[in-house]
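Every number for a ligand or one of its atoms is a count from 1 in the order of the listing.
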Amino acid sequence: MRNPIKTLPRQIKTERLELRQLDANIENATLIFNAIKDENPKDFYFNPIVDTDIIPTSSQQMLQQMKLEEEFIRLNGVIFYVFYNNDLIGYKRLYFNNEDVRMTLQSSNIWLKKSAWGHGFSQEINKKIDEIAFTQLGAKRITTQCSTENTRSAKSLESSGFHLDGIARGGGFLPDGTVYDNMFWSKLESEYLGE
Ligand SMILES: CC(C)(COP(=O)(O)OP(=O)(O)OC[C@H]1O[C@@H](n2cnc3c(N)ncnc32)[C@H](O)[C@@H]1OP(=O)(O)O)[C@@H](O)C(=O)NCCC(=O)NCCS
């Protein structure tokens, strides 16, 4: 049976943003590349946009990454690009595990352009993901992770109502092989429903 995450609309509106699924083609790769090419790699250390350089160095490299990620999400995932006033400002990846009773939405990678930090956009996206998970997909829990050193991400998850389940020492690694302590967060359906 088809995973329900694969039936989500291609465009979803939040209060201020639009989340859009984009096909892997050179037009979209160029759009993304132009939006992020001047970002500082240091700001994306914990969430590299491409494995080798953190920030892509060409539209072609961005297209290769999009094609790779299309494979990752083929059966049970979705990638939304984040638009504000029609400008591309970010990225969010989700997976849905509907094969056991826990029915878990794994809220994976997120990045926003530096100029879009500090406006509550990450929290706004998380709010919409809660709604999708618990009212549309039938998820029982949402999980997510971040490095203990990524204080901005941890703060955002806490403000989004996630519960810190624990820290897996040496539980995460970056494409360059750097190992980090990984914070594991969750949110339950009962918490969303206020039970
Ligand atoms: C992680 C990341 C997405 C967080 O973005 P962010 O903008 O800091 O996150 P938030 O949405 O939580 O917003 C932060 C602050 O905006 C402010 N804000 C302004 N307007 C707001 C609004 N309307 N609603 C809520 N907060 C608002 C608040 O002060 C909020 O912090 P607080 O709730 O703790 O007071 C961003 O830092 C990023 O892209 N980092 C690089 C990639 C990365 O590391 N990704 C995570 C990998 S695990």
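Scored by the ring-ring contact (aromatic ring centres under 6.0 Å, His included) test, Phe121 finds Tyr84, His119 as partners (sequence neighbours excluded).
Atoms of ligand 1 lying under 4.0 Å from at least one heavy atom of Ser156, given by number and element, are 9 (O), 10 (P), 12 (O). Below 4.0 Å from some heavy atom of Phe121 lie the following atoms of ligand 1, by number and element: 11 (O). Heavy-atom contacts of Ser159 reach the following atoms of ligand 1: 32 (P), 33 (O), 34 (O) (cutoff under 4.0 Å). Every atom of ligand 1 is numbered from 1 in the order shown, and the set under 4.0 Å from a heavy atom of Asn47 is 42 (C), 43 (C), 45 (N), 47 (C). Heavy-atom contacts of Asp43 reach the following atoms of ligand 1: 41 (C) (cutoff under 4.0 Å). Contact atoms of ligand 1 toward Cys146: 48 (S) (distance under 4.0 Å to a heavy atom of the residue).
Within 6.0 Å of the CD atom in Glu99, the count of heavy atoms belonging to other residues, nucleotides or ligands does not exceed 12. Remark: Lys6 NZ is packed, more than 12 non-hydrogen atoms of other residues, nucleotides or ligands lying under 6.0 Å away. Counting non-hydrogen atoms of neighbouring residues, nucleotides and ligands closer than 6.0 angstrom, the CZ atom of Phe72 exceeds 12 such neighbours. More than 12 heavy atoms of other residues, nucleotides or ligands sit less than 6.0 Å from atom NZ of Lys37.
Nearest protein heavy-atom contact of atom 7 (O) of ligand 1 is Gly118 N, 2.8 Å. The protein non-hydrogen atom at the shortest distance from atom 39 (O) of ligand 1 is Leu112 N, 2.8 Å. If you check which protein heavy atom lies closest to atom 26 (N) of ligand 1, you get Gly120 CA, 3.3 Å. At the top of the distance list for atom 44 (O) of ligand 1, counting protein heavy atoms only, stands Asn150 ND2, 2.9 Å. Closest to atom 5 (O) of ligand 1 among all protein heavy atoms lies Ser122 CB, 3.8 Å. The protein non-hydrogen atom at the shortest distance from atom 32 (P) of ligand 1 is Lys155 NZ, 3.7 Å. When only non-hydrogen protein atoms are considered, atom 45 (N) of ligand 1 lies nearest to Ile110 O, 2.8 Å.
When only modelled atom types and interatomic distance are considered, Ser107 and Lys92 share a side-chain donor-acceptor pair under 3.5 Å. Using a 3.5 Å distance cut-off with no hydrogens or angles, the side chains of Ser108 and Gln106 do pair a donor with an acceptor. Residues Ser160 and Asn126 have side chains that bring a donor and an acceptor to within less than 3.5 angstrom of each other.
For ligand 1, the polar-atom distance check finds no N/O of Ser153 at less than 3.5 Å from any of the ligand's N/O atoms. Considering backbone and side-chain N/O of Arg152, one or more are found under 3.5 Å from N/O of ligand 1. Not a single N or O atom of Gln145, backbone or side chain, sits closer than 3.5 Å to an N or O atom of ligand 1.
For the residues Lys92, Gln123, Glu39, Lys113, the heavy atom positioned nearest atom 30 (C) of ligand 1 is part of Gln123. Between atom 20 (N) of ligand 1 and the options His119, Lys127, Met183, Lys42, the minimum heavy-atom separation is to His119. The residue among Phe46, Trp117, Phe44 with a heavy atom at the shortest distance from atom 40 (N) of ligand 1 is Trp117.
Closest non-hydrogen pair, Phe96 versus Thr104, comes out as CD1-O, 3.4 Å.
With respect to Glu71 and Arg74, a salt bridge is recorded, a charged nitrogen being found less than 4.0 Å from a carboxylate O. Residues Arg10 and Asp23 are paired through a salt bridge, judged by an N-O separation under 4.0 Å between the basic side chain and the carboxylate. Taking the charged nitrogens against the carboxylate oxygens, Lys155 and Glu158 have no contact shorter than 4.0 Å, which rules out a salt bridge.
Contacts of Glu158 with ligand 1, taken as heavy-atom pairs under 4.0 Å, are absent altogether.
Put simply, Ile55 and Leu88 are part of the same group of oily side chains (I, L, V, M, F, W, Y) that touch within less than 4.5 Å, one to the next.
Contact annotation for atom 2 (C) of ligand 1: protein absent (non-hydrogen atoms, distance under 4.0 Å). Proximity of atom 28 (C) of ligand 1 to the protein is not indicated, since no non-hydrogen protein atom lies closer than 4.0 angstrom.
For the pair Arg16 and ligand 1, a heavy-atom separation below 4.0 Å is found.
A cation-pi arrangement, defined by a distance under 6.0 Å to the six-membered ring centre and an angle within 45 degrees of its axis, is present between Arg20 and Phe83.
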